[in-house]
Amino acid sequence: FELITRRSKAPADSGHLISAGIYREIMTVIDVDKIQKPMHETHASGLNLSYEWRVKQLKSLRRLIVENKDLLCEAVKSDLGRHYGETRAGELKPVENEIKFALKNLKRWMKTEAVPSSATMFPGFSYVHRKPLAAPGVLIIGPFNYPCYLTLKPLIGAFAGGNPAVIKPSELSAESGKTFLNLFSKYFEPGAAQVVLGSIPESNALLEKSWGKVFFTGSPRVGKIVASACASTLTPVILELGGKSPVVVDENIRAKHLQNVADRIIFAKTYNAGQTCVAPDTLFVHDSHVKDLCVCLVNAIETQFGKDPKQGELGRIISIASTKRLQQMILEAEGDDSSSVVYGSSTECDIDTRYICPTLILNPKPGAKVLKEEIFGPILPIVTFSSRSEAYESVNSLGSHPLQFTVFTSEDGVFQEYTTKCPSSAAFRNDCLVQLSNHNLPFGGLGGSGIGHYSGKYSFDAFTHPFPSTYRPIGKLWDLDNLRCHPYGDWKTKFLERYIVGLPDIPVMHVNRLVYVTAIIAALFATLSTVDEPRFLVAQFFRWIADHVHE
């Protein structure tokens, strides 16, 4: 484990107006070849092909989390001001559960899969093996908003697939990154996992090299840069991006359920201070419910965080710059006569402590920042609609394929209609956010919200190469006297097309059976043609079968 950096001071007489801090950042260089060397050695040794190597890394990761929960919670609190309960329940425990799930199922996932063979291969045996990705391994570029969960969860898939990995935490969550740097050197060998700290120069240096796969979580803007860099080295990439995740409260929701609906929406919107890629970004409410639901939403905020949310357990925004951006969204709404701020205000925000007050904005003007940009904070715009067709149009106006789409409705048919009319990467009925804890579901974007999926078995698939292999016994008997070879002619062409190539696939469960039937028929022909020594020929034939055909 090693991070190599070289720093230089700006010459005093250079004549360039570059601050020392910026100059040092420009001159920072990491030795990526030295970082990748132990990873290449792991691949060359073949250790990562084994079940034991993968289990060892997964158990080491589990120990890292279990033995350092308080340390990790403190680091996240320093970065995001988040209550330790959110970090334990929303980051660390889900990672533990994912590791447990992987350990329980890894042997089954690694098992070679026998698949049907085409009739032209008869007798043929076809298999799919799940092998690690190309050397040196996987590069995981983590986000700031969930520095543990969204960085370590893909690492589980990388380890399960037999891949060494390099983690590049976000420079914005600096304390979490430093904690990873210290812990990974204690729990992992360099050929298994390493941590590289830094910002844009370090990320660029890493992306200049080829990897088995790059896994990036972040904004669509940076995702395009990562994808472009990966294209230049022909490195496959998974992009977990964001966007605007809409929530619809349909007219058929009963009034008695509105408080429960509001509690779930506010929980998801304010979790991690709204800095969640699938947090409710825009709320669409039917006219018949908007007044009562707004009351319920205010009640939900005060119940969960008190009359003064600043004194409650609400987390903080990652940076001063992001805090100012969010405050400007509220200021824009306050200066617009066509919209109204139902709860919160710009004056209640505190830039110095990175606090943004939970804010509800009713019917912001078209083109407002809260409707155009991904909010990534505890601000919830509420847009009313009078018909479902209007709701479809409003949801689709946010952009194509949101990462998550939630519909609160009492009828499954209505839910299916919304998901048909409003394309998205994933859709959920009657709740937000909590479904991400289900590792039996894939998580990933579509279109502008991302490329690729992971979670549970889908992580294993994402970080392995499906390696096909086939076997056919050698002998003219199996080639039907070279029927497939030239010269063809009209008769052979028609026969091959109709009776050989056109035959259905041979199921796995019947391949061995068909081989044995063929062997028996061949043995009977041998018996009829050579009456003198039929037993000898039959014995020889079955001995040949045993030597050349896989069980």
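None of these values were measured; they are calculated from a predicted model.
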Next item on the list: Kindly write out the residues that satisfy side chain to side chain donor-acceptor pair (under 3.5 Å) with Lys310, not counting sequence neighbours, or none if the list is empty.
Entry: Asp350
Next item on the list: Show your working on side chain to side chain contact (heavy atoms under 4.5 Å, CB included) between Leu150 and Asn145 and close with a plain yes or no.
Entry: CA-CA 8 Å; Leu150 292 180; Asn145 56 331; 3.8 Å; yes
Next item on the list: State which residues pass side-chain contact (heavy atoms from CB on, under 4.5 Å) with His453; sequence neighbours excluded, sorted by chain then number.
Entry: Pro442
Notebook entry, point to check: In chain order, what residues pass the ring-ring contact (aromatic ring centres under 6.0 Å, His included) check against Tyr187, with sequence neighbours excluded?
Noted result: none
Item checked: Salt bridge present between Glu373 and Lys244 (N-O < 4.0 angstrom) -> no
Next item on the list: Might you work through the side chain to side chain contact (heavy atoms under 4.5 Å, CB included) test for Leu155 and Phe184, ending with a clear yes or no?
Entry: CA-CA 12 Å; Leu155 181 62; Phe184 270 65; 3.8 Å; yes
Item checked: Whether Glu332 side chain and Lys369 backbone form a donor-acceptor pair below 3.5 Å -> yes
Next item on the list: Any chance you could measure Met110, atom CE, to Phe460, atom CZ, to the nearest 0.5 Å?
Entry: 6.5 Å
Check: For Glu67, what residues pass the salt bridge (Lys or Arg N to Asp or Glu O under 4.0 Å) criterion, not counting sequence neighbours?
Finding: Arg63
Next item on the list: Would you confirm whether Ser322, through its side chain, and Ile318, through its main-chain N or O, come within 3.5 Å as a donor-acceptor pair?
Entry: no
Check: Does some side-chain heavy atom of Val370 sit less than 4.5 Å from a side-chain heavy atom of Ile375?
Finding: yes
Margin query: Between Pro466 and Arg130, is there a side-chain heavy-atom distance shorter than 4.5 Å?
Written below: yes
Item checked: Counterpart residues, side chain to side chain donor-acceptor pair (under 3.5 Å), relative to Ser345 (two or more places apart) -> Thr347, Glu348
Next item on the list: Just jot down the salt bridge (Lys or Arg N to Asp or Glu O under 4.0 Å) partners of Lys178, sequence neighbours excluded, or say none.
Entry: Glu175
Item checked: Distance-only polar pair, side chains of Asn299 and Gln259, donor-acceptor under 3.5 Å -> yes
Item checked: Criterion side-chain hydrogen bond (donor to acceptor under 3.5 Å, both in side chains) on Asp281 and Ser245, from CA distance to verdict -> CA-CA 5 Å; Asp281 190 273; Ser245 296; over 6 Å; no
Notebook entry, point to check: So, Arg54 and Asn48: side-chain donor and acceptor under 3.5 Å apart, yes or no?
Noted result: no
Margin query: Pair Thr42, Ser45 - check side-chain hydrogen bond (donor to acceptor under 3.5 Å, both in side chains), show working.
Written below: CA-CA 5 Å; Thr42 297; Ser45 70; 5.4 Å; no
Can you give each donor-acceptor pair under 3.5 Å made by side-chain atoms of residues 99-109, sequence neighbours left out, with the distance rounded to 0.1 Å?
| unit_1 | atom_1 | unit_2 | atom_2 | d |
| --- | --- | --- | --- | --- |
| Asn105 | OD1 | Arg108 | NH2 | 2.6 |
| Asn105 | ND2 | Phe101 | O | 2.8 |

Margin query: Whether Asp33 and Lys37 form a salt bridge (side-chain N of Lys/Arg under 4.0 Å from carboxylate O of Asp/Glu) is what I want to check.
Written below: no
Note to self: Run the ring-ring contact (aromatic ring centres under 6.0 Å, His included) test against Phe405 and tell me which residues pass, sequence neighbours left out.
What the structure shows: none
Check: Can you list the residues that meet the side-chain contact (heavy atoms from CB on, under 4.5 Å) rule with Cys230, with sequence neighbours excluded?
Finding: Leu207, Val214, Val226, Thr235, Val237
Next item on the list: Report the C-alpha distance between Tyr84 and Asp70 in whole Å, list the side-chain angles of each, state the deciding distance to 0.1 Å, and finish with yes or no for side-chain hydrogen bond (donor to acceptor under 3.5 Å, both in side chains).
Entry: CA-CA 8 Å; Tyr84 75 93; Asp70 292 340; over 6 Å; no
Next item on the list: Using the side-chain hydrogen bond (donor to acceptor under 3.5 Å, both in side chains) rule, pick out the option among Ser319, Ser176, Ser173 that qualifies with Asp79.
Entry: Ser176
Item checked: Set of side-chain contact (heavy atoms from CB on, under 4.5 Å) partners for Ala205, sequence neighbours left out -> Ile30, Val32
Check: Distance only, no hydrogens: is a donor on one side chain within 3.5 Å (strictly under) of an acceptor on the other, for Thr276 and Tyr146?
Finding: yes
Item checked: Phe463 and Tyr454 aromatic centres sub-6.0 Å -> no
Next item on the list: Tell me, with the steps shown, if Thr87 and Leu72 meet side chain to side chain contact (heavy atoms under 4.5 Å, CB included).
Entry: CA-CA 9 Å; Thr87 302; Leu72 291 167; 5.8 Å; no
Next item on the list: Verify side chain to side chain contact (heavy atoms under 4.5 Å, CB included) between Ile451 and Ile238, making sure each step is shown before the conclusion.
Entry: CA-CA 5 Å; Ile451 301 171; Ile238 291 179; over 6 Å; no
Notebook entry, point to check: Who pairs with Pro309 by side-chain contact (heavy atoms from CB on, under 4.5 Å), at least two apart in sequence or on another chain?
Noted result: Ile301, Phe305, Tyr343, Tyr355, Pro358
Check: If we only count heavy atoms from C-beta on, is the Phe443 to Val278 side-chain gap below 4.5 Å?
Finding: yes
Checklist line | side chain to side chain donor-acceptor pair (under 3.5 Å) against Thr112, all qualifying residues, sequence neighbours excluded | finding: His129
Note to self: Classify the ring geometry of Phe159 against Phe188: parallel below 30°, tilted from 30° to 60°, perpendicular beyond 60°.
What the structure shows: tilted
